[in-house]
Amino acid sequence: MEQQATEDWPEPPGQWGTECVMGGGSSGGPRFANFDRHTGLGVVVGDNSHGWLPGKRYLVGPQFTREITRPPFHRAQHS
């Protein structure tokens, strides 16, 4: 779910969250797409950074877009 900022709860671009019941200790954990419970494999597409409470609890963090992932990938390829 794309995070929608409000005047009272501004968020920088690229932040996104999902409604959840997780609390303290969830920060730094991965966000997966195409996760397979049987194999434990999936694609990490973001991480959990902080909570967001606009009436409901959300866990919010950066989404790993190409804009974010391409520079370190290229640096790693050329080091």
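Note that the numbering runs from 1 along the sequence shown for the chain.
- Of all the heavy atoms in Pro30 and Asn48, the pair that sits closest is O-ND2, 4.0 Å.
- Classified by interplanar angle (parallel below 30°, tilted 30° to 60°, perpendicular above 60°), the ring pair His74/His78 is parallel.
- Atom CG of Asp36 is surrounded by more than 12 heavy atoms from other residues, nucleotides or ligands within 6.0 Å.
- Closest approach of Asp47 and Arg31 over heavy atoms only: N-CG, 3.8 Å.
- The side-chain heavy atoms of Phe64 and Val44, taken from C-beta on, include a pair separated by under 4.5 Å.
- Every residue two or more places apart in sequence or in another chain was checked for a ring-ring contact (aromatic ring centres under 6.0 Å, His included) with Phe73, and none qualifies.
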